[in-house]
Student: 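Let me begin by handing over the structure; questions about it come next.
Position 1 is the first residue of the sequence, and the numbers go up from there. Note that ligands are numbered from 1 as they come in the structure, with each ligand's atoms numbered from 1 the same way. No experiment lies behind these values; they were computed from the predicted model shown.
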Amino acid sequence: MPKTPDIKTLHIKTFGCQMNEYDSERMAEALEGLGYALVEEAADADLVILNTCHIREKAAEKVYSELGRMRLNKERRKREGRDTLIAVAGCVAQAEGAEIMARAPAVDIVVGPQSYHRLADLVTEATTTGHGLVATEFSAEDKFAHLPQRPQGKRQVSAFVTVQEGCDKFCTFCVVPYTRGAEFSRPVSEIVAEVERLAGRGAREITLLGQNVNAYHGVGPDGRTWTLARLLRRLAQIPQIDRLRFTTSHPLDMDDELIALFGDEKKLMPYLHLPFQAGSDRILKAMNRRHTIAEYEAVIARVRAARPDIALSTDIIVGFPGETDEDFAATLALAARARFAQAFTFKYSARLGTPAASREQQVPEQVKRERLYALQSLIEDQRRAFDRAMVGRRLDVLFEGRGRKPGQIAGRSPYLQAVHVEGLEGLIGQIAAVDILAASPNSLTGVIKSGFEWHEPVQAAV
Ligand code: 5AD
Ligand code: SF4
């Protein structure tokens, strides 16, 4: 079968966090210049990128089994006369490096999270030379300076923008300082320009991303170092942007200015993701979190004083090495006191190269499972209670797309809950007041406040 070099297709499979989603979009944009267009199916793609995550358990093994499937696909396409490039990106690429090429020779490119700006060159080189290439050097600064400026991309009502990357905190369980490198903050002007471009394409909500986003300290247009609060105030001045969010924060970096902003800035949504990881001071110390439980609770009390209705979200790890029944009971007690609207719970899993991985007193799997189960049921009760408390209230909903059922549209409340209503697709991209009628396990349903008028019907933006 003859080759058709002019049509090049790209499939990106993304695992893990929102930052990986953002990175995948940027990689797709970087490859547009080479003529690559995104396709849904990996089997149809000339270039397949696996954007990996190292946080979850057995991440590397999962990548290798995925690569096994991809190799078979590559061989099948080869028999059909078509070439396939396979690239591994993300944190597993960074952590494993050349090891990936050695174990999975079908892979053509290994590219770490700080080297995506080199992707187009790597793809060209791999295509022309047929050699495997590994790029895992660290320089977030270079990356952001050299990625294309999101010229086309897809239109999104709610968009993510990475403003900070990497971490200097070195929690003893975490690979991020090793895979994403030292903390780096993008300059204010670069972020403002990116948000303005997204706003011009229909974005109404922006979520600022960073592994330690509230440690943001980027250089401002005045040459001074700006805080996250100052950056948020600047972005709030962009007229088309109605909603701002940020994630993930560290309790140590929740300064007064940022806390006050929850009360002062209407565009900053009442939602804060603030991991506490463990409920006992002893375990927090072993995790090198550098704060106590009392300090964490003092922070959330201050946040609630500034914005009483705030939805709090968190990350919690169970079964960190040395965690006793008593320590775990303290985790449950803290979760019960804090009344989270949302929480992400994890069983501790050892990450090669992190200090906690080599500690004795690893907690047996069965114990971890039981603790996770107990914690999840408490968290689920809290989440449902938070959602039920919305019934009878009127919430502003930003509509982002079609709902599950025909005739439905779906959006998000200020508290990040999914909300479904019967409504016209022309409302997508707009904010409307919705009277909440019911709370089901994963979303709210309601009706658009009668008398809501929308001007300027817009096409579905997503
Ligand atoms: N084991 C379990 N959970 C982890 N997390 C990070 N590293 C590990 C690990 N080794 C969790 C933390 C973090 C979230 C993104 O993932 O709770 O906040
Ligand atoms: Fe990892 Fe977050 Fe700790 Fe940084 S602050 S080391 S990203 S858990």
Student: Arg180 near ligand 2, heavy-atom distance under 4.0 Å?
Tutor: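 No heavy atom of Arg180 comes that close to ligand 2.
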Student: Relative to the ring of Phe262, is the ring of Phe246 parallel (under 30°), tilted (30 to 60°) or perpendicular (over 60°)?
Tutor: tilted
Student: Which ligand 1 atoms are under 4.0 Å away from a heavy-atom of Arg351?
Tutor: 10 (N)
Student: So if I apply the side-chain contact (heavy atoms from CB on, under 4.5 Å) rule between Glu183 and each of His217, Gln211, Glu165, which one comes out positive?
Tutor: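 Filter result, single survivor: His217.
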Student: For ligand 1, does Gln277 get within less than 4.0 Å through its side chain, its backbone, both, or neither, judged by non-hydrogen atoms?
Tutor: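 Side chain only; the backbone of Gln277 stays clear of ligand 1.
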Student: Would you mind finding which of Met287, Arg289, Glu183, Lys169 brings a heavy atom closest to atom 2 (Fe) of ligand 2?
Tutor: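 Nearest option to atom 2 (Fe) of ligand 2, by heavy atoms: Arg289.
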Student: What protein heavy atom lies closest to atom 10 (N) of ligand 1? Include the residue and the distance to one decimal.
Tutor: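 Looking at atom 10 (N) of ligand 1, the protein heavy atom closest to it is Ser349 O, 2.8 Å.
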Student: On the six-membered ring of Phe340, is Arg383 placed so that its NZ or CZ lies under 6.0 angstrom from the centre and within 45° of the ring axis?
Tutor: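 Not satisfied by the 6.0 Å and 45° rule.
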Student: With a 4.0 Å heavy-atom cut-off (strictly under), which part of Cys171 contacts ligand 2: side chain, backbone, both or neither?
Tutor: both
Student: Taking heavy atoms and a distance under 4.0 Å, where does Pro177 meet ligand 2: side chain, backbone, both or neither?
Tutor: side chain
Student: With a cut-off of 2.8 Å, does any N, O or S atom of Cys174 fall short of it relative to atom 1 (Fe) of ligand 2?
Tutor: yes
Student: Look at His250 and state whether any of its N, O or S atoms is less than 2.8 Å from atom 4 (Fe) of ligand 2.
Tutor: no
Student: Any Lys/Arg nitrogen of Glu265 or Arg233 sitting under 4.0 Å from an Asp/Glu carboxylate oxygen of the other?
Tutor: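 Answer for the salt bridge query: no.
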Student: Give the residue and atom name of whichever protein heavy atom lies nearest to atom 4 (C) of ligand 1, and the separation in Å to one decimal.
Tutor: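 The protein heavy atom lying closest is Ile317 CD1, 3.7 Å.
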Student: Would you say that more than 12 heavy atoms from the other residues, nucleotides or ligands in this model lie under 6.0 Å from the CD of Glu326, or not?
Tutor: no
Student: Using a 4.0 Å heavy-atom cut-off, which part of Phe170 comes near ligand 2: side chain, backbone, both, or neither?
Tutor: backbone
